[in-house]
Amino acid sequence: MPPTTSRNLQAELKALDDRINEFLPARYQHCYNEVPPTSMGSATLKYDEYGRVAWGEIWTTFCDLALAGGPPHRGKLLEPPPVEEVEAEPRRYAEVLAEIDRAIGLATGAATLPGYAPGWIGVPCAAVDEATWLQFSVNAENVSARRRGRTLQIPAGPHFRPEKEIKNLVVSLFKSLHYWDGHLTDAQQKLAEHENWEPATAADAAADPESHAAASAAIESAFRDAGLTISPRRYPGWIGAETADEETAVWLLRAILVERVLARREDHVLYLPIEVAADANRGARVAAVFRDAWELWMAHSRGVG
């Protein structure tokens, strides 16, 4: 993709740096490039005298936010299960919902709400700003998240295990809440926009295959124009491009997130959202944001700015 000669890329890179520093918690400001992107492994769980996970006692320190370029909590996306899977095991599903509620209650003091659909559970937030910011942060940790008003929606399935998927949910949520409550200023909390993002589920894609294909094609075109290979790991709501390394993926991730577009990564693969229920031009918008970020990355790589 050739550079656009009419742009002042040096000025745009400076403006991007300002927006990133404005967006991130204070501990990452003016040093976000030093955040290590690779995971050092996860801590083991603690159990109470009854053999249950002691969700309120497992917190010592918090890893860097994936939103800031740190390692995502999960290596692969945790998705909501198909409705058929939920309906096939109602008793086990109810047990999982109860354990997620217990876990979130012990960790955060909040009670969960019924999900907006089978396969989801609601986490009430104090305001839409909070729910919006948490959706961006939790998705960046590679845990699916949607939003209904000021209620965050996270996945829940009958096969979710305390030591795996439930732990993923709780850690990603509580880590995000820790930074929201303790590291963001009031002004930063107001930076979250209220536009809703809903990466497609398999059911969404099947219900509107034409819109799904159109959104996918727009983003794929942008990736290919940048010379990137489309990742073979596909999700109904996400499409990934294989970048050269984690440094590239992290740089692009931050440049896209500050434009209030959902993004996440799996190692060196950058993922962008595919939607079918929103504005018909959403796929084109995501593609345009990526193209702009890519051009700035190329300028940064050449030492511009």
Side-chain angles (χ1 to χ4, degrees), residues 1-7 9-10 12-13 15-17 19-20 23 32-33 35-39 66-72 74-79 136 139-142 144 197 199-200 205 209 211-276 278 281-305:
M1 182 185 300
T4 304
T5 56
S6 61
R7 293 175 62 177
L9 295 174
Q10 184 174 11
E12 291 187 40
L13 284 167
L16 175 61
D17 178 64
R19 291 200 306 276
I20 291 174
F23 178 71
Y32 57 81
N33 285 318
V35 177
T38 303
S39 175
L67 200 71
R74 281 182 56 92
K76 298 180 182 178
L77 181 66
L78 179 60
E79 300 179 273
F136 272 70
N139 267 297
E141 300 291 343
N142 287 332
S144 297
W197 289 88
S211 294
H212 188 268
S216 300
I219 301 169
E220 281 189 11
S221 177
F223 284 161
R224 292 197 172 102
D225 286 347
L228 301 180
T229 300
I230 307 300
S231 173
R233 183 181 294 162
R234 304 298 288 266
Y235 301 93
W238 300 87
I239 183 167
E242 297 183 355
T243 67
D245 48 37
E246 283 189 309
E247 177 188 1
T248 307
V250 167
W251 198 99
L252 291 168
L253 176 85
R254 286 190 291 249
I256 290 166
L257 286 171
V258 296
E259 297 298 333
R260 306 305 190 267
V261 171
L262 283 185
R264 61 182 191 86
R265 70 177 181 91
E266 297 178 6
D267 297 320
H268 68 291
V269 180
L270 176 73
Y271 281 90
L272 298 179
I274 303 170
E275 293 193 310
V276 297
N281 295 321
R282 186 68 70 86
R285 177 188 163 195
V286 173
V289 168
F290 169 78
R291 290 177 191 274
D292 188 66
W294 181 258
E295 187 163 345
L296 291 175
W297 163 249
M298 295 300 291
H300 170 77
S301 300
R302 296 194 303 269
V304 175

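All heavy atoms count here, side chains included; hydrogens, waters and symmetry mates do not.
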Item to complete: Indicate the atoms forming the closest heavy-atom contact of D245 with T243, along with that distance.
Response: O-OG1, 3.0 Å

Worksheet entry | Audit row: E220, I274, side chain to side chain contact (heavy atoms under 4.5 Å, CB included) steps and yes/no | CA-CA 11 Å; E220 281 189 11; I274 303 170; over 6 Å; no

Practice prompt. Drop me the distance from W297's CH2 to R302's CZ, to the nearest 0.5 angstrom.
Written response: 12.0 Å

Worksheet item: Going by heavy atoms in the side chains, are H300 and L16 under 4.5 Å from each other?
Response: no

Worksheet item: For L77, does its backbone N or O pair with a side-chain atom of E266 as donor and acceptor, under 3.5 Å?
Response: yes

Fill in: S221 (side chain) donor-acceptor with A217 (main chain) under 3.5 angstrom
no

Worksheet item: Of the non-hydrogen atoms in A218 and A287, which two are nearest, and what is the gap between them?
Response: O-CB, 3.4 Å

Discussion item. Test side chain to side chain contact (heavy atoms under 4.5 Å, CB included) on Y271 and L262; report intermediate values, then the result.
Written reply: CA-CA 9 Å; Y271 281 90; L262 283 185; over 6 Å; no

Worksheet item: Relative to the ring of F223, is the ring of F290 parallel (under 30°), tilted (30 to 60°) or perpendicular (over 60°)?
Response: perpendicular

Response to the item:
Heavy-atom closest pair (L78 atom, S144 atom, distance to 0.1 Å) is O-OG, 2.8 Å

Fill in: S216 versus I239, closest heavy-atom pair with distance
O-CD1, 4.0 Å

Worksheet item: If you measure from CZ on R282 to CH2 on W197, what distance do you get to the nearest 0.5 Å?
Response: 4.5 Å

Worksheet item: Between N142 (side chain) and R265 (backbone), is there a donor-acceptor pair under 3.5 Å?
Response: yes

Discussion item. Using a 3.5 Å distance criterion without hydrogens, assess whether the side chain of R260 forms a donor-acceptor pair with backbone atoms of V258.
Written reply: yes

Worksheet item: Quick one: OH on Y32 to CH2 on W251, what's the gap to the nearest 0.5 Å?
Response: 7.5 Å

Discussion item. Applying side chain to side chain contact (heavy atoms under 4.5 Å, CB included) to K76 and Y235, what does each step give before you reach the verdict?
Written reply: CA-CA 10 Å; K76 298 180 182 178; Y235 301 93; 3.8 Å; yes

Discussion item. The test is side chain to side chain contact (heavy atoms under 4.5 Å, CB included); show your working for T248 and H268 and say whether it passes.
Written reply: CA-CA 7 Å; T248 307; H268 68 291; over 6 Å; no

Worksheet item: Which atom names give the shortest non-hydrogen contact between A241 and L228, and what distance separates them?
Response: CB-CD1, 3.9 Å

Worksheet item: So, are R291 and E259 salt-bridged, with charged N and O less than 4.0 Å apart?
Response: no

Practice prompt. Please check if the side chain of S231 supplies one atom and the backbone of E242 the other of a donor-acceptor pair under 3.5 Å.
Written response: no

Worksheet item: Any donor-acceptor pair under 3.5 Å linking the side chain of H212 with the backbone of P236?
Response: yes

Fill in: Sub-4.5 Å side-chain heavy-atom contact between I256 and L270
yes

Discussion item. Treating R74 as the side-chain partner and E141 as the backbone partner, does any N or O pair qualify as donor plus acceptor under 3.5 Å?
Written reply: no

Worksheet entry | Option among V304, D17, L296 that satisfies the side-chain contact (heavy atoms from CB on, under 4.5 Å) test with E12 | L296

Fill in: Minimum heavy-atom distance between L67 and A140, given as atom pair plus value
N-CB, 3.9 Å

Worksheet item: Between R233 and V269, is there a donor-acceptor pair closer than 3.5 Å when you use the side chain of the first and the backbone of the second?
Response: no

